[in-house]
Structures are given as C-alpha cells and as structure tokens.
Amino acid sequence: MSLKPDILAPVAGHDLPFPYGLGEAGVHELAEAGFGDFPALTGLALAAIRDTGRTGGLVWIRQAALSREHGRLSGRGLAGFGIDPGRMLLVEAKGRMEALQAAEEACRASGLAAVIAELDDMDFTASRRLGLACEASRTPLVLVFPHARSGATAAQGRWRVSARPSAPHQHDARAPGRPAWRAILEKSRLQPGKAGRVFDLEYDDATPCLRLVSRLAARPAAPQPRRIGAGLAGVWRDAG
C-alpha cells in the first residue's frame, strides 16, 4: 500500500512555498481586516484555489445572515476568476451549526477542487473536526469570516485580508488593473516564524497565477487606512 505524501508537512531545512497550502490542502481561514473587506476575501479565496490548478467541482457554503449582510455571489464576478458557475454547488445554511455540518460533509467528499464556507464564527473543536475531514479526503477548505473573527483555531493558518489599489493596466491606463490584496499572516501552524508578516498580492488571470508583488514586508502588521477604489480585488456581490 502506497501512502500519499503530506504536502503540508514541512521538509527539514526547507520552507513551505507561499502561500503555505492556502487553497491546496488542509483548512485555512481568511478574515476581514476591517468591515467592508468581505468581497476581497471572496476574491482571494477563489484566486488561491485557481492558483493551485486543482480540477473538480467547487462547493460554496453560505450562512444566511452573512448573505443578507454582504450580498450574494455574482456570476459575472465568478467568471472574472475563471470559475464556471455550472461546476459550483451553492449551499445556503440557516445558521452556523447547519453551515458547519454542511462544510464537514462536503470536506469528506473526494474529487472536489475545494470547499469554501462563509461563517460568522467557529470554536476550536469545530475547526478540528473540519481539519480531520479534510485530512481524510485531501479536499482543501477555505473558511471566510467577518473582521470580528478571533481566538484559537486548528486551521493551518489565518489571514487578515483587505483590498489594495491595483497597478495600472499594462496595455490600457484606463482599464482596471489586476486584482490586488494585502494579506497579513495572523496565525500559522506551518510557518509560525512568519506570523505577523504582511504580503502584497495580485492575481494574473491570464496565467492564472496568484503572486507576490513588490514590498513584501518582513515586519509586524500595522493598521492600514481604507483606500478608495480598492474593490477590484473582490468578487462582485449582488444585494441580498
């Protein structure tokens, strides 16, 4: 019997490649840096999954209260990240427990590109259960939280995410640039020495590729002011 290597297990003397398994394996959390960054979380979750090149369907679980507060997913926005709505199953959960149950069941299914779940919060025990489900199937899970998310987690990492202004379009200065984000690695079970670092990211839809851009900061995170015009990093969300 052959055993699959654990792609999340650090190799002695080597660092895991960025972004440390996000969208590829295990459980990872994305949380708003501040209220209003929820579309940016949506965009980064999809960009990370597309960057892995994983094939298969996508299961998206939404807690009803968050859908009412932040709006519903837009097909046009999904297309911007190369996501075919016909290969995505949307699950609308009435409350947190129902959403967690749906996420756990989805994570036990093999052959999926990924599972994404929007939750208002979660305790350590629930995160551990989700982690065990992902280990059994090797289906990655990305959890999306509002800015109030805090506390202990069994996830491989937690990122605080906000949109940042895009660089000018290389062929047309009047056209939108590539989606861009600022992601703070708040917690990391795989790369604890990198916790607190700030990463500036952008998504190249032609490749597709999620990559670091200039000014990768090897310093603790500092509060970032809200910037006008940063919404290009998010998937459009229609009013609920």
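Small disclaimer: the values here were computed from a predicted structure and weren't measured. Index from 1, following the sequence.
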Contact summary for [X] and [Y], nearest pair of heavy atoms:
X	Y	result
Ser188	Gln191	OG-N, 2.8 Å
Leu141	Cys134	CB-SG, 3.7 Å
Ala99	Leu119	CB-CD2, 3.4 Å
Pro165	Ala180	O-CB, 4.0 Å
Gly23	Pro140	O-CG, 3.6 Å
Ala154	Ser127	N-OG, 2.9 Å

Are Met97 and Phe124 grouped together when hydrophobic residues (ILVMFWY) are joined by side-chain heavy atoms under 4.5 angstrom apart?
->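 Different clusters.
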Linked, directly or transitively: Leu132 and Val59 (ILVMFWY side chains, under 4.5 Å) |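 Result: no, two separate clusters.
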pair [X]-[Y]: side-chain heavy atoms closer than 4.5 Å:
X	Y	result
Leu66	Pro146	yes
Leu143	Leu130	yes
Asp37	His147	no
His28	Pro19	no
Arg149	Met122	yes
Arg158	Phe145	no
Tyr203	Arg50	yes
Val142	Leu46	no

Got a second to check how far [X]'s [atom1] is from [Y]'s [atom2], nearest 0.5 Å?
X	Y	atom1	atom2	answer
Leu41	Ile116	CG	CD1	11.0 Å
Cys107	Glu135	SG	CD	11.5 Å
Arg96	Gln101	CZ	CD	15.0 Å
Phe199	Arg182	CZ	CZ	12.0 Å
Asp51	Leu44	CG	CG	10.0 Å
Phe18	Lys194	CZ	NZ	10.5 Å

Would you please test Phe35 and Glu69 for side-chain contact (heavy atoms from CB on, under 4.5 Å) and show each step?
-> CA-CA 11 Å; Phe35 181 79; Glu69 184 172 0; 3.2 Å; yes
side-chain contact (heavy atoms from CB on, under 4.5 Å) with Leu201: which of Val161, Leu212, Val213?
->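 Answer to the side-chain contact (heavy atoms from CB on, under 4.5 Å) test with Leu201 among Val161, Leu212, Val213: Leu212.
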So which of His70, Glu92, Glu118 actually passes side-chain hydrogen bond (donor to acceptor under 3.5 Å, both in side chains) with Arg62?
->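 Result for side-chain hydrogen bond (donor to acceptor under 3.5 Å, both in side chains) with Arg62: Glu92.
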If you count the non-hydrogen atoms of other residues, nucleotides and ligands that lie under 6.0 Å from CZ in Arg129, is the total more than 12?
->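 Atom CZ in Arg129 is not packed in, count stays at 12 or less.
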Could you label the plane-to-plane angle of the Trp159 and Tyr20 rings as parallel, tilted or perpendicular, counting under 30° as parallel and over 60° as perpendicular?
->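 Rings of Trp159 and Tyr20: parallel, as their planes differ by under 30°.
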Under 3.5 Å, is there a donor-acceptor pair between the side chain of [X] and the main chain of [Y]?
X	Y	result
Trp60	Met88	no
Gln63	Gly95	no
Arg160	Leu185	no
Arg189	Thr153	yes

